[in-house]
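Reviewing the structure listed below.
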Amino acid sequence: MESKAVIRNLKSTPRKARLVADAVRGRNVNEALNLLQFGIKKDVAVDVAKLIKSAAANISNKDSDANVELDDLRIKEIRVDEGVVMKRFRPRAKGSASPVVKRMCHITVTVSN
């Protein structure tokens with residue numbers, strides 16, 4: 001049995017989020033949550049931990065007959081995709097402007113036992 005959770009338009013670049021996703025891919029859910037809380041010092045780690053908890057809660061709500069422990073669950077897939085890109089301009093010297101690109105990402109987590 002597996003369950004999925006998605007966060008869309010997270011205000012973080014996909015490149016930074018992939019560093020965190022690669023660190024927890026394929027791990028046990030408890031092990032991944034401990035690593036995200038104590039081992040990784042990136043702001044995206046808080047959002048990824050919340051997403052993994054949501055996917056674990058989804059699997060227990062999906063089938064109310066089965067009591068699923070966090071020790072039994074593994075992160076089957078974690079995917080970071082590029083989201084919306086906000087384009088802004090910063091004023092520069094002599095009346096010119098430089099582009100500022102603010103990237104966002106979508107993160108999908110699949111948990112299975």
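On a predicted model such as this, the values are computed, not experimentally measured, just so you know. When a residue number appears, it is its place in the shown sequence, counting from 1.
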message = Assess, by modelled atom type and distance only, whether the side chains of Ser98 and Arg92 contain a donor and an acceptor separated by less than 3.5 Å.
response = yes
query = How does the hydrophobic cluster around Val85 look, that is, which other residues are in it when side-chain heavy atoms under 4.5 Å mark a link?
reply = Val101
task = Would you give the length of the straight line joining atom OG of Ser54 to atom CD1 of Ile59, rounded to the nearest 0.5 angstrom?
result = 12.0 Å
ask   = Is the closest side-chain heavy-atom distance between Val48 and Ile107 below 4.5 Å?
value = yes
request  = Consider only side-chain heavy atoms of I, L, V, M, F, W and Y, link residues closer than 4.5 Å, and tell whether Met1 and Ile75 are in one cluster.
outcome  = yes
task = Apply the test side-chain contact (heavy atoms from CB on, under 4.5 Å) to residues Thr108 and Lys4: give CA-CA distance (whole Å), side-chain angles for both, the deciding distance (0.1 Å), then the verdict.
result = CA-CA 7 Å; Thr108 306; Lys4 179 168 103 166; 3.9 Å; yes
query = Just how far is it from atom OG of Ser12 to atom CD1 of Ile7, taken to the nearest 0.5 Å?
reply = 10.0 Å
ask   = Got a second to check how far Leu73's CG is from Ser112's OG, nearest 0.5 Å?
value = 8.0 Å
message = Please report the interatomic distance SG(Cys105) to NZ(Lys11), rounded to the nearest 0.5 Å.
response = 10.5 Å
Non-neighbouring partners of Lys76 that pass salt bridge (charged side-chain N to carboxylate O under 4.0 Å, His left out), sequence neighbours left out = Glu2
Review item, side-chain donor-acceptor pairs of residues 24-36, under 3.5 Å, at least two apart:
from: Arg25; atom 1: NE; to: Ile78; atom 2: O; distance (Å): 3.4
from: Arg25; atom 1: NH1; to: Asp22; atom 2: OD1; distance (Å): 2.5
from: Arg25; atom 1: NH2; to: Ile78; atom 2: O; distance (Å): 2.8
from: Arg27; atom 1: NE; to: Ala23; atom 2: O; distance (Å): 2.7
from: Arg27; atom 1: NH1; to: Glu31; atom 2: OE2; distance (Å): 2.7
from: Asn28; atom 1: ND2; to: Asp71; atom 2: O; distance (Å): 3.4
from: Asn30; atom 1: ND2; to: Asp71; atom 2: OD1; distance (Å): 2.4
from: Asn34; atom 1: ND2; to: Asn30; atom 2: O; distance (Å): 3.4

ask   = Can you pull the salt bridge (charged side-chain N to carboxylate O under 4.0 Å, His left out) pairs that have at least one residue in residues 93-113, sequence neighbours excluded?
value = Glu82-Arg103
task = Would you mind listing the cluster partners of Phe89? Hydrophobic ones only (ILVMFWY), side-chain contacts under 4.5 Å, chaining allowed.
result = none
inquiry  = Test of understanding: clusters of I, L, V, M, F, W, Y form through side-chain heavy atoms closer than 4.5 Å, transitively. Do Val80 and Ile40 belong to the same one?
reply    = yes
request  = Any chance you could measure His106, atom NE2, to Asn9, atom CG, to the nearest 0.5 Å?
outcome  = 5.0 Å
request  = Name all pairs fulfilling the salt bridge (charged side-chain N to carboxylate O under 4.0 Å, His left out) condition that reach into residues 37-46, sequence neighbours left out, sorted by first residue then second.
outcome  = none
ask   = At their closest point, which heavy atom of Ser60 faces which heavy atom of Ala57, and how far apart are they?
value = OG-O, 2.9 Å
note = Between the CD1 atom in Ile52 and the OG1 atom in Thr110, the distance rounded to the nearest 0.5 Å is 11.0 Å
